[in-house]
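Notes for the one structure printed next.
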Amino acid sequence: MSEEQPTITTPPAPEAAAAPTATTTPTQETNAQAQAQKTESQAPETSKTPLPDEPIVSLQELWATAEAHEHPEIWGVTLADPSTHIPSQIVLQKYLNANDGDVAKARDQLTKTLDWRKKTQPLQLIKQTFSKEKFGGLGYVTVHVADKKEGGEEEAAREIFTWNVYGNVKSIDVTFGNLEEFINWRVALMELAVQELALSTATVPISADPDADHYKMFQVHDYKGVSFLRQAPQVKAASTETIRVFATAYPELLKEKFFVNVPAVMGFMYGFMKLFVAARTIKKFHPMSNGANLAKEEFGGSQVALRDMLPPEYGGKGADLKTQGTEPAVE
């Protein structure tokens, strides 16, 4: 999530909102469009995979930074030369896109991500079992795949959703009392979703146009039963740290965010902001007071019949969220 953009006062952020009785001010994630540059050269007789028009030199600078680092992996991808390794090209291009093509800023964010992943070991957190009392039922990942046409050679379209059900928090002290444990659980949920993007086996590179990047996911944040009237210090600490981590370590992974079951007044505030905030910035955020209306959304023109697959509590015809969703292991 790129954080090189202005902040806007909104309802609790997807990564930030966390519990009943919470109101947060998130740092927005926006995708800034970078200028693509064509590299003029004759195609040599090599086995290198052709990439879309993009600043090849910039990618190589990021690769040099990654190659020199002790930690070799991001989002399950063992980084390699982006000119021959498409998964690495995708990862590194996302860092460029998140920083408007600014190589220095992208390199700084990349280094911070590698430092953090070396320390935190997110792939190990996926294997960890968390407390059911603290985190059970608070977050899920769902995968929705379009029906593949007979004789079709293209891979079926698929959409990844992460769900944060903050109304299920039973105790602020229990869930947010240990900040490190909460962050680890939240990261484990995100890493489960990132795994479903299958970046390590991707075969189609991305360009400097973030709107053409299909390796992204939807996020839903359900505030049913949550009070926006006050903010506990534990929630504020968890919100602040989650924003910080996700702003650095997960850029350009979001398609759209849906805030559901929020008070009507919060929806009005979003509508008001649309009068003053750039369309590209605000278009990813969708508040709605009735979560059952979620299935009526267009979801960016998705080719997946999401209305038939989303949980019924969100207006869909699929199985309930607990049945079809996957959550970090709890006991």
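Keep in mind that the numbers below use all heavy atoms, side chains included, and drop hydrogens, waters and symmetry copies. Every value quoted in this text rests on a predicted model; they were computed, and no experiment measured them.
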Worksheet entry | Salt bridge D108-K112, side-chain N to carboxylate O under 4.0 Å | yes
Worksheet item: D100 side chain to D102 main-chain N or O, any donor-acceptor pair under 3.5 Å?
Response: no
Discussion item. Could you report the tightest heavy-atom contact between P287 and V262, atom names first, then the distance?
Written reply: CB-CG2, 4.3 Å
Worksheet item: Looking at residues at least two apart in the chain, or sitting in another chain, which of them share a side-chain hydrogen bond (donor to acceptor under 3.5 Å, both in side chains) with W63?
Response: none
Practice prompt. For the residue pair V145 and E159, establish whether any side-chain heavy-atom pair is separated by less than 4.5 Å.
Written response: no
Practice prompt. Check W75 against A249 and note the closest heavy-atom contact, atom names and distance.
Written response: NE1-O, 3.1 Å
Worksheet item: For residues H71 and E73, is any side-chain donor paired with an opposing acceptor at under 3.5 Å?
Response: yes
Discussion item. Do R158 and E196 make a side-chain contact, defined as non-hydrogen atoms from C-beta onward lying under 4.5 Å apart?
Written reply: yes
Worksheet item: For the residue pair F258 and F218, does the interplanar ring angle fall in the parallel (under 30°), tilted (30 to 60°) or perpendicular (over 60°) class?
Response: tilted
Worksheet, complete the sentence: By side-chain hydrogen bond (donor to acceptor under 3.5 Å, both in side chains), E61 pairs with (sequence neighbours left out) R107
Fill in: Heavy-atom side-chain proximity of M288 to E297 below 4.5 angstrom
yes
Worksheet item: With under 30° as parallel and over 60° as perpendicular, where do the rings of F285 and F259 fit, or are they tilted in between?
Response: parallel
Item to complete: For the pair Q109 (side chain) and A247 (backbone), establish whether a donor and an acceptor sit closer than 3.5 Å, ignoring hydrogens and angles.
Response: yes
Item to complete: Would you check, one step at a time, whether the test side-chain contact (heavy atoms from CB on, under 4.5 Å) holds for K216 with L254?
Response: CA-CA 5 Å; K216 297 182 179 182; L254 176 73; 5.9 Å; no
Item to complete: Heavy atoms only: give me the nearest T175-F135 pair and the separation to one decimal.
Response: O-CE2, 3.6 Å
Pairs under 3.5 angstrom only: tabulate donor-acceptor contacts from the side chains of residues 324-331 to other protein residues two or more places apart or in another chain.
unit_1, atom_1, unit_2, atom_2, d
Q324, NE2, M309, O, 3.0
Q324, NE2, A319, O, 2.6
E327, OE1, G137, N, 3.1

Fill in: Any side-chain heavy-atom pair of M217 and L197 under 4.5 Å
yes
Worksheet entry | Sub-4.5 Å side-chain heavy-atom contact between L253 and K94 | yes
Discussion item. To the nearest 0.5 Å, what is the distance between CG on D308 and CG on D147?
Written reply: 9.0 Å
Item to complete: Heavy atoms only: give me the nearest A295-G316 pair and the separation to one decimal.
Response: CB-N, 3.7 Å
Practice prompt. Say whether Y314 and D222, considering side chains only, have a donor N or O and an acceptor N or O under 3.5 Å apart.
Written response: yes
Worksheet item: If you round to the nearest 0.5 Å, how far is CD of E252 from CG of L96?
Response: 10.5 Å
Discussion item. A side-chain contact here means heavy atoms from C-beta on lying under 4.5 Å apart; do K284 and Q219 qualify?
Written reply: no
Worksheet item: Any side-chain donor paired with an acceptor under 3.5 Å for Y250 and E191?
Response: yes
Listing, residues 122-133 side-chain donor-acceptor contacts under 3.5 Å, not counting sequence neighbours, or none:
unit_1, atom_1, unit_2, atom_2, d
S131, OG, E133, N, 3.3
S131, OG, K134, N, 3.2

Worksheet item: In Å and rounded to the nearest 0.5 Å, what is the CG to CG distance from L62 to N99?
Response: 9.0 Å
Worksheet item: Considering residues at least two apart in sequence or located in another chain, which fulfil the side-chain hydrogen bond (donor to acceptor under 3.5 Å, both in side chains) criterion with Y95?
Response: T113
Worksheet item: Does T240 use its side chain to pair, donor to acceptor, with the backbone of K236 at less than 3.5 Å?
Response: yes
Item to complete: For L138 and F182, run side-chain contact (heavy atoms from CB on, under 4.5 Å): C-alpha distance rounded to whole Å, both residues' side-chain angles, the deciding distance at 0.1 Å, then the answer.
Response: CA-CA 11 Å; L138 300 189; F182 172 80; 5.9 Å; no
Discussion item. I'd like to check T162 versus Y140 (side-chain heavy atoms, cut-off strictly below 4.5 Å). Are they in contact?
Written reply: no
Fill in: Pair Q60, D81: side-chain N/O donor-acceptor within cut-off below 3.5 Å
yes
Worksheet item: How many angstroms lie between atom CD1 of I74 and atom OG of S88, to the nearest 0.5 angstrom?
Response: 9.0 Å
Worksheet item: Under 30°, 30 to 60°, or over 60°: which ring-plane class applies to H221 and Y223, parallel, tilted or perpendicular?
Response: parallel
Fill in: Closest approach of Q121 to K118 (non-hydrogen atoms, all atoms of both residues)
NE2-O, 2.9 Å
Worksheet, complete the sentence: Sequence neighbours excluded, the answer for side-chain hydrogen bond (donor to acceptor under 3.5 Å, both in side chains) partners of W163 is T142
Fill in: Minimum side-chain heavy-atom gap N164-R186 below 4.5 Å
yes
Discussion item. Please report the interatomic distance CG(L110) to CG(L79), rounded to the nearest 0.5 Å.
Written reply: 7.0 Å
Worksheet entry | Short side-chain to backbone donor-acceptor contact, N290 and A292, under 3.5 Å | yes
Worksheet item: Is the backbone of R307 close enough, under 3.5 Å, to the side chain of K317 for a donor and an acceptor to pair up by distance?
Response: no
Item to complete: Please step through side-chain contact (heavy atoms from CB on, under 4.5 Å) for the pair Q89 and I206, ending with a clear verdict.
Response: CA-CA 8 Å; Q89 186 274 337; I206 64 173; 4.1 Å; yes
Item to complete: Please step through side-chain contact (heavy atoms from CB on, under 4.5 Å) for the pair H85 and V77, ending with a clear verdict.
Response: CA-CA 10 Å; H85 189 238; V77 174; 4.0 Å; yes
Discussion item. So does G167 get a backbone contact from the side chain of K224, meaning a donor-acceptor N/O pair under 3.5 Å?
Written reply: no
Worksheet item: Between V169 and V174, is there a shared hydrophobic cluster once you connect ILVMFWY residues whose side-chain heavy atoms come closer than 4.5 Å?
Response: no
Worksheet entry | Donor-acceptor side-chain pairing of Q234 and D173 below 3.5 angstrom | yes
Practice prompt. Would you give the length of the straight line joining atom CG of L92 to atom OG of S58, rounded to the nearest 0.5 angstrom?
Written response: 11.0 Å
Worksheet item: Any donor and acceptor pair, going by atom type alone, linking the side chain of D320 with main-chain N or O of P311 inside 3.5 Å?
Response: no
